[in-house]
Amino acid sequence: MNKKPKKKEGIARLMELAGTKRSGLTGACILSVLSSVCKIVPYFTIYRILKKLIQCYSAGDSFTFSEVSTLVIVTAVSAVLYGIFAYASAMLSHGAAFDILYELRMELMEKMGRISSGYYTANTQGGIKKLLLEDVEQIEIFIAHSMCEVAAAVATPLLTIIVLFMVDWRLAIVSLLPILCSFVILAMALKKPDGARLQKAMAEAKAKMEGTVIEYIHGMSVIKIFGGTGNAFKRYRTDLNSFTETVRETAYYNANGMGLYYAFFGAQVLFLLPAAIVMLGHAASYAQVLPKILFFLVICAGLKEPLENMMNVSVDSTKINVGLKRIDELLAEPEIELVGSGKELTAFDISFENVSFAYPGSGTNACDHVSFRLHQGSCNALVGPSGGGKSTVAQLLLHFYEVDEGQIKIGGVDIKEVTHSELVSKIAYVFQDPFVFHDTIENNIRMGNETATFEEVRAAAEAANIHETIQALPEGYQTVVSDDGGLSGGEKQRISIARAMLKNAPIIVLDEATAYADAENEAKIQEAFSRLSKGKTVIMIAHRLKTIQNSDNILVMESGRLKAAGRHDELMESCELYRDMVTANERRDNWTMGKETEHDEA
Ligand code: ADP
C-alpha cells in the first residue's frame, strides 16, 4: 500500500518526521526553557541587591556583604546553570537533528528509487538537487537551532512578564504597551490578503531561478556546441527578473507594516520614562521607586531579544514549510513498483492499442491515438520530425508515465500488470546521451548485470567495440571515469551498449546518437548496435534514415500521430513525409561527402 502522508504543517509535521527521535527534541526544548529561567533569575536578584544598596545609602545605614550574600550566590549559580542547560540543550538538539535528517535523507533516496522515471524528466535536475540538499539542510538547521529557540522564545518573555508584574504592576503594563501595539500592527500586516501569496511566489521564483542556474551550468558544454548561449541566458535572465520583481513587490507590500512594527517594538524607554517621572513625582521616597525604574529600564532592553527570536523563528518556520511541502510531494509520488499485479513477461512482441498521452500540464497529446504491433525478434525504427513523439513512445513502453487512454502490451500482457522491476529487466534502453558513473569502467559496464564475471564484462566490451579503447588506458578496466571526464561521447555510448549487452534483455530500445558524428566512432557504434540487436525485439529511434533502411518495420510519427508504417520501399511509394525525409537526408549526406572530398583533394 502506498503510504499517504497526513496533512500536517510546520513544527507539527516536523515532529511527525522526527518519529522515534521526538523524545530527544522534547528534552532539548525543556533544557532550553530551563536555561531561559536561569537567564532571567540574575535580573531579579540584581534588582534586589540594587534595592538594598539604595535603601541603605538613602537611610545612611552601613552596608554589609552578608545581607546580600544569598542573592549573590543565587546569581552566580544561575549564571553557571544557564551555561550548562544551554550547552546540554544544543548537544541534544544537534544529535536529534542529525539522526532525524539521516533517516529523512535515506527515506527520500529510497523513495526516489521506487518512483516513476517520468518524475526525473518532468522535474529539473536543479529542483531535485535543491530538495535533497538545501530543503533538507534548512530543516536540519531549524531542528538543531530554531526548535529550542521556539521554546526559549516563548518561555523567556512569559517568565519576564511574570517577574515584571511581581516588581510593579503599573510599570509592567506601561512597558508591555508598546510591545502589544507592535503585535497588533504585525497581526494586521500579516492578515492582509496578499501576504501568503507573495511569500509563496517569492519562494517559487527563487527555486525556479536556482534550478535554471544549475541547469545552465550543467548544460554549458551542450549549449556552446549548439550555439544556444543567448537563448539559455535569456531564460536565466527572465527567471532572475521575475525573482527580483517578486522580492521588490514583497518589500513594498511589507514596508509600512514592518516599519511601524519595529518602531513600537523597541520603544519601551519612550513609554517608561514619562511614567517614571510621574511615579517619582508622587513617590514618598526615591529609594522605593528608583530601583524599580532602573530594573525596568534594564530588563525591558533584555525582553526585546527573545521576542525578536520568536519573530525570526516564525519566519524560519514559514521557510521550512515550503521545503517540507516539496519533500511531502516527493514522498507522495506514486510508486511504480506497486502498480503491477505481478505478471511475468514470457513473450516479447509489442503492441500499442489506441494509446493517447499528454504530459502533465500540457494541453496537447504527445502521443495521439497510436496503434501498432511489433513482432518478437523484429527490428523496428521510429522516424519523424523532431517533437513528433518518438521518445514519448519509448518512455511509455518503459512505463515512465501512465497512458491516458488505450493499452500497451508486451507478449499480450498489459504493462500495467507487470511490476517495474520485471519490466526493466526485460528491456534494455540505450540512451542517446548515456550516463557514466564515477566508478571504474568495469563497474560501469557491470551495472547491466551485477552478477557478471570479469570475462563476461570483457566479452560485452568486445562486442560493443570498446574493449581496445579500454585496454589502451593505463589502468584498463580499473580506470576510474566520470560523466564529465575521461571518455568521449562515442566511447560513453559504447560503454552503455556494453551494459545492454551484459543485460541481455529480449527487448532493446535504442536512441540513436547524432552528436558523435566522426566516421570512425559512428561505424563502431553501428557495428555494436547490430550485434546487440541480434534476435531481439528492437525499437530504434532513428535520426538518420540511412541506418534503418533494412528494418522490418518503419513507423513514421508526426505531431504525436502515427502517419504510416511499413518497409522502406513501401513507405517510399506511399508516404510523402517519409519520402521527403529520405530526400533531405540524402541531400545532407551528399553535401557532407562533397565537403570531405573537397577537403581530401586540397
Ligand atoms: P521526438 O522524440 O520525436 O523528438 P518527443 O517524444 O520528445 O519527440 O516529444 C513529443 C512532444 O512532447 C513534443 O511536443 C515535446 O515538446 C513534448 N515533450 C517531450 N518531453 C516532455 C516533457 N517531459 N514534458 C512536457 N512535454 C514534453
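In listed order, ligands and their atoms are each counted from 1. Everything numeric in this text was worked out from a predicted model, so none of it was measured.
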Participant: Please state which option from S559, G560, G389, C367 has its nearest heavy atom closest to atom 8 (O) of ligand 1.
Facilitator: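 It is G389 whose heavy atom sits nearest to atom 8 (O) of ligand 1.
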
Participant: Using heavy atoms and a 4.0 Å limit, tell me yes or no: is S362 in contact with ligand 1?
Facilitator: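 Checking ligand 1 against S362, which is what was asked, there is no heavy-atom contact under 4.0 Å.
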
Participant: Please name the pair of heavy atoms, one in L502 and one in E456, separated by the smallest distance, quoted to 0.1 Å.
Facilitator: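 Smallest interatomic distance, heavy atoms only, reads CD1-O, 3.4 Å.
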
Participant: With the threshold set at 4.0 Å, does a side-chain nitrogen-carboxylate oxygen contact exist between E329 and K325?
Facilitator: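 A salt bridge is absent here (no side-chain N lies under 4.0 Å from a carboxylate O).
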
Participant: Run down the list P385, A358, G388, G387 and name the one with the heavy atom closest to atom 11 (C) of ligand 1.
Facilitator: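 Nearest heavy atom to atom 11 (C) of ligand 1 lies in G387.
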
Participant: Among I350, I415, L397, find the one that has a side chain to side chain contact (heavy atoms under 4.5 Å, CB included) with I427.
Facilitator: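 Of I350, I415, L397, side chain to side chain contact (heavy atoms under 4.5 Å, CB included) with I427 is met by L397 alone.
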
Participant: Hey, does S386 sit under 4.0 Å from ligand 1 if you only count heavy atoms?
Facilitator: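 So S386 counts as touching ligand 1.
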
Participant: Any idea which atoms of ligand 1 are less than 4.0 Å away from a heavy-atom of A366?
Facilitator: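 With A366 as reference, the close atoms of ligand 1 come out as 11 (C), 12 (O).
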
Participant: Would you call K208 and E204 a salt bridge, taking side-chain N to carboxylate O under 4.0 Å as the test?
Facilitator: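 A salt bridge is absent here (no side-chain N lies under 4.0 Å from a carboxylate O).
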
Participant: Given L396, T392, V383, which one has a non-hydrogen atom that is nearest to atom 9 (O) of ligand 1?
Facilitator: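 Looking at heavy atoms only, T392 sits closest to atom 9 (O) of ligand 1.
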
Participant: Should the pair K111-E107 be classified as a salt bridge under the 4.0 Å nitrogen-to-oxygen rule?
Facilitator: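 Not counted as a salt bridge, because no side-chain N and carboxylate O are separated by less than 4.0 Å.
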
